[in-house]
Amino acid sequence: MGLGADEFRTEICQAMANLFNCEENLKIDVRTFANFDAVDLTEPIDVDGNLVEDFLFDTGEGGEIVVVRAFYEWPIHTNILGLGLATLSNGKHLIAATTAFRNEPF
């Protein structure tokens with residue numbers, strides 16, 4: 001049996017050495033698609049700079065395309081040389097990682 005959303009998040013956070021409240025700041029989105037052409041990677045930030053959290057955790061069935069996206073809200077503690085590093089309205093920088101694969105035909 002596979003991991004659930006919370007267990008998956010915990011595994012990722014343990015690999016990140018629990019940086020900056022990882023469990024609280026890490027968002028996971030796992031979606032399935034019929035084929036690679038149908039994959040939708042819409043940016044999860046609205047026009048006001050807020051993270052839109054309509055995330056799913058659907059690991060799919062055999063043969064389906066699965067897209068796993070992880071979003072981490074990185075706290076910005078300083079404004080180095082006036083560089084606006086914050087990408088969210090809450091003053092944090094959104095870091096994203098994405099992978100796509102086809103499930104084994106189990």
Side-chain angles (χ1 to χ4, degrees):
M1 181 171 189
L3 298 175
D6 292 334
E7 294 88 6
F8 187 56
R9 179 180 297 104
T10 298
E11 289 289 323
I12 293 172
C13 289
Q14 287 177 347
M16 291 176 55
N18 290 320
L19 297 174
F20 298 105
N21 299 318
C22 179
E23 294 279 340
E24 180 181 324
N25 293 323
L26 183 68
K27 312 298 185 223
I28 305 293
D29 186 42
V30 180
R31 298 175 187 250
T32 59
F33 300 90
N35 56 60
F36 283 104
D37 290 336
V39 171
D40 178 11
L41 297 177
T42 303
E43 185 172 315
I45 302 174
D46 67 17
V47 296
D48 296 322
N50 299 307
L51 183 62
V52 178
E53 296 189 35
D54 69 344
F55 302 132
L56 301 176
F57 194 83
D58 178 8
T59 57
E61 301 293 326
E64 288 185 313
I65 305 303
V66 180
V67 175
V68 178
R69 299 191 303 168
F71 301 100
Y72 186 79
E73 296 180 68
W74 187 271
I76 302 296
H77 298 289
T78 182
N79 189 5
I80 300 172
L81 301 173
L83 298 175
L85 300 177
T87 56
L88 299 171
S89 62
N90 63 6
K92 295 180 180 178
H93 181 83
L94 188 64
I95 298 173
T98 304
T99 191
F101 55 91
R102 182 182 305 273
N103 270 342
E104 291 287 334
F106 49 87

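- The two residues L94 and E73 make their nearest non-hydrogen contact at CD1-CG, 4.2 Å.
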- request: Just do the side-chain contact (heavy atoms from CB on, under 4.5 Å) check on V39 and R31 with the steps written out, would you?
  value: CA-CA 9 Å; V39 171; R31 298 175 187 250; over 6 Å; no
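- In this structure the side chain of R102 never reaches within 4.5 angstrom of the side chain of V66, judged on heavy atoms.
- In terms of the ring-ring contact (aromatic ring centres under 6.0 Å, His included) criterion, residue partners of F55 (sequence neighbours excluded) are, by chain and number, F71.
- The side-chain hydrogen bond (donor to acceptor under 3.5 Å, both in side chains) contacts involving residues 51-62 comprise T32-D58, where partners must be two or more places apart or lie in separate chains.
- F36 and A100 get closest at one heavy-atom pair: CE2-CB, 4.2 Å.
- Using modelled atom types, no side-chain atom of Q14 and backbone atom of E11 make a donor-acceptor pair closer than 3.5 Å.
- Between the OH atom in Y72 and the CG atom in N25 there is a gap of 4.5 Å [rounded to 0.5 Å].
- The distance from atom NE2 of H93 to atom CG of L88, rounded to the nearest 0.5 Å, is 8.5 Å.
- The pair D29-K27 fails the salt-bridge criterion, with no side-chain N (NZ, NE, NH1 or NH2) lying under 4.0 Å from an Asp/Glu carboxylate O.
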With a 3.5 Å cut-off and sequence neighbours excluded, list the donor-acceptor pairs that the side chains of residues 43-51 form with protein atoms.
| unit_1 | atom_1 | unit_2 | atom_2 | d |
| --- | --- | --- | --- | --- |
| D46 | OD1 | D48 | N | 2.9 |
| D46 | OD1 | G49 | N | 3.0 |
| D46 | OD1 | N50 | N | 2.8 |
| N50 | OD1 | S89 | OG | 2.5 |

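- The shortest non-hydrogen separation linking N103 to G60 is ND2-C, 3.7 Å.
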Derivation and outcome, side-chain contact (heavy atoms from CB on, under 4.5 Å), residues V68 and T98: CA-CA 6 Å; V68 178; T98 304; over 6 Å; no
